[in-house]
**Student:** 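Structure incoming, see below.
Given the structure is predicted, the values throughout are model-derived calculations rather than measurements.
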Amino acid sequence: MDIEELKRRIDSLDARLTELEGRGNTDEQMAKIKVGRIVTARDRLVKRYRIFTVVGMLMCAVSVILYRHILPMFPRILFGGFFLVASMMDLYLMIGIKKIDCCSRGVAEVAEKARYYRRRHHMFMAVLIVLLVPVLGSVAVALSDDMAYIWGMAVGGTVGLVLGIGIYLKIMREYRTLYGADA
């Protein structure tokens, strides 16, 4: 390698460094993060699981207390138990995701933890789907004499399925961002 080639490479590296420095002010980005204008994928997952935990607890109470004039005791207990289990699963995921420290841990460790909680999320979904069958069956049997309730369950289930798939895709996108599949 001659001296001219070395000079060209140094000039090229200098140009790249200048370009990288000009892309974004890290102090400015850190200030945005501190103010809350930039939210990480980890924080979005924690927030989403927190909301699911609270909604699950509320639905547990609602199903047992407010449905007492509509459903017999057994379907209400199944319904409440289902939401209690779902809420505890979301609480577990929220705490686990919250413990992932992206700043002090290596990229590989953060990615492994994100994959671990993504797998847990899928396992919990499988368990909840299996648990949902007897819950909905008991509600359908209890309300079988009124077709308006059955149609309401069908429409509610369809709307819930569409919304649930959308939320599921958002959660999986956050996990992919967290473990670096988009990079």
**Student:** Could you report the tightest heavy-atom contact between V130 and P134, atom names first, then the distance?
**Tutor:** O-CD, 3.2 Å
**Student:** So that I can tick it off, tell me whether E5 and R9 are bridged by a salt bridge, with the cut-off set at under 4.0 angstrom between side-chain N and carboxylate O.
**Tutor:** yes
**Student:** Please determine whether residues I97 and M123 belong to a single hydrophobic cluster, defined as Ile, Leu, Val, Met, Phe, Trp and Tyr linked transitively by side-chain heavy-atom distances below 4.5 Å.
**Tutor:** no
**Student:** Within the structure provided, determine whether H121 and M172 are in side-chain contact (heavy-atom separation under 4.5 Å).
**Tutor:** yes
**Student:** Applying ring-ring contact (aromatic ring centres under 6.0 Å, His included), name anything that partners F79, two or more places apart in sequence or on another chain.
**Tutor:** F83
**Student:** Give a yes-or-no answer on whether the side chains of S87 and D90 include a donor-acceptor pair shorter than 3.5 Å.
**Tutor:** no
**Student:** Would you please indicate yes or no on a ring centroid separation below 6.0 angstrom for H122 and Y175?
**Tutor:** no
**Student:** Please step through side-chain contact (heavy atoms from CB on, under 4.5 Å) for the pair I51 and V55, ending with a clear verdict.
**Tutor:** CA-CA 6 Å; I51 290 169; V55 168; 4.2 Å; yes
**Student:** Give a yes or no on whether M125 and I165 share a hydrophobic cluster (residues Ile, Leu, Val, Met, Phe, Trp, Tyr; joining criterion: side-chain heavy atoms under 4.5 Å apart).
**Tutor:** yes
**Student:** Would you name the heavy atoms of V139 and L71 that are closest together and state the gap between them?
**Tutor:** CG1-CD2, 4.1 Å
**Student:** For R48 versus I171, what's the shortest heavy-atom pair and its separation?
**Tutor:** CD-CG1, 3.2 Å
**Student:** Once you round to the nearest 0.5 Å, how far does CZ of R118 lie from CG of L45?
**Tutor:** 11.5 Å
**Student:** Measure from the side-chain N and O atoms of T53 to the backbone N and O of L91, and report whether any donor-acceptor pair falls under 3.5 Å.
**Tutor:** yes
**Student:** Locate the shortest heavy-atom distance separating I100 from A114; write the atom from each residue and the value.
**Tutor:** CD1-N, 4.0 Å
**Student:** Assess the residue pair F52 and M89 against the criterion (side-chain contact (heavy atoms from CB on, under 4.5 Å)); give the C-alpha distance rounded to whole Å, side-chain angles, the decisive distance to 0.1 Å, and a yes or no.
**Tutor:** CA-CA 10 Å; F52 291 161; M89 289 176 172; over 6 Å; no
**Student:** Checking Y92 now: which residues fulfil side-chain contact (heavy atoms from CB on, under 4.5 Å) with it, not counting sequence neighbours?
**Tutor:** Y116, Y117, R120, F124
**Student:** Please answer: with hydrophobic residues joined when any side-chain heavy atoms are less than 4.5 Å apart, are I65 and M73 in the same cluster?
**Tutor:** no
**Student:** Determine, step by step, whether E112 and R119 satisfy the salt bridge (charged side-chain N to carboxylate O under 4.0 Å, His left out) criterion, reporting the C-alpha distance in whole Å, the side-chain angles of both residues, the deciding distance to 0.1 Å, and the verdict.
**Tutor:** CA-CA 11 Å; E112 184 56 39; R119 282 191 303 270; 3.6 Å; yes
**Student:** Got a sec, which residues hit ring-ring contact (aromatic ring centres under 6.0 Å, His included) with Y67, two or more places apart in sequence or on another chain?
**Tutor:** none
**Student:** Looking only at non-hydrogen atoms, find the nearest pair between L78 and V135 and report the distance.
**Tutor:** O-CG2, 3.7 Å
**Student:** Do L93 and L169 share a hydrophobic cluster (ILVMFWY, side-chain heavy atoms under 4.5 Å, transitive)?
**Tutor:** yes
**Student:** Side chains of M57 and L84, heavy atoms from C-beta outward: is any pair under 4.5 Å?
**Tutor:** yes
**Student:** Please confirm whether the backbone N or O of R8 pairs with a side-chain atom of S12, one donor and one acceptor, at under 3.5 Å?
**Tutor:** no
**Student:** Decide whether V159 and I167 are clustered together by the hydrophobic rule: side chain heavy atoms of Ile, Leu, Val, Met, Phe, Trp, Tyr closer than 4.5 Å, transitively.
**Tutor:** no
**Student:** Side-chain contact, heavy-atom cut-off 4.5 Å: V54 with L58?
**Tutor:** yes
**Student:** Return yes if some donor-acceptor pair links the side-chain N/O of R42 with the main-chain N/O of K98 below 3.5 Å, else return no.
**Tutor:** yes
**Student:** Report the residue from E174, K170, R173 that forms a side-chain contact (heavy atoms from CB on, under 4.5 Å) with R44.
**Tutor:** E174
**Student:** Can you tell me how far OG of S63 sits from CZ of F82, rounded to the nearest 0.5 angstrom?
**Tutor:** 10.5 Å
**Student:** Shortest non-hydrogen contact from V64 to R76?
**Tutor:** O-NH1, 2.8 Å
**Student:** Give, for atom OG of S138 and atom CG of L143, the distance between the pair rounded to the nearest 0.5 Å.
**Tutor:** 9.0 Å
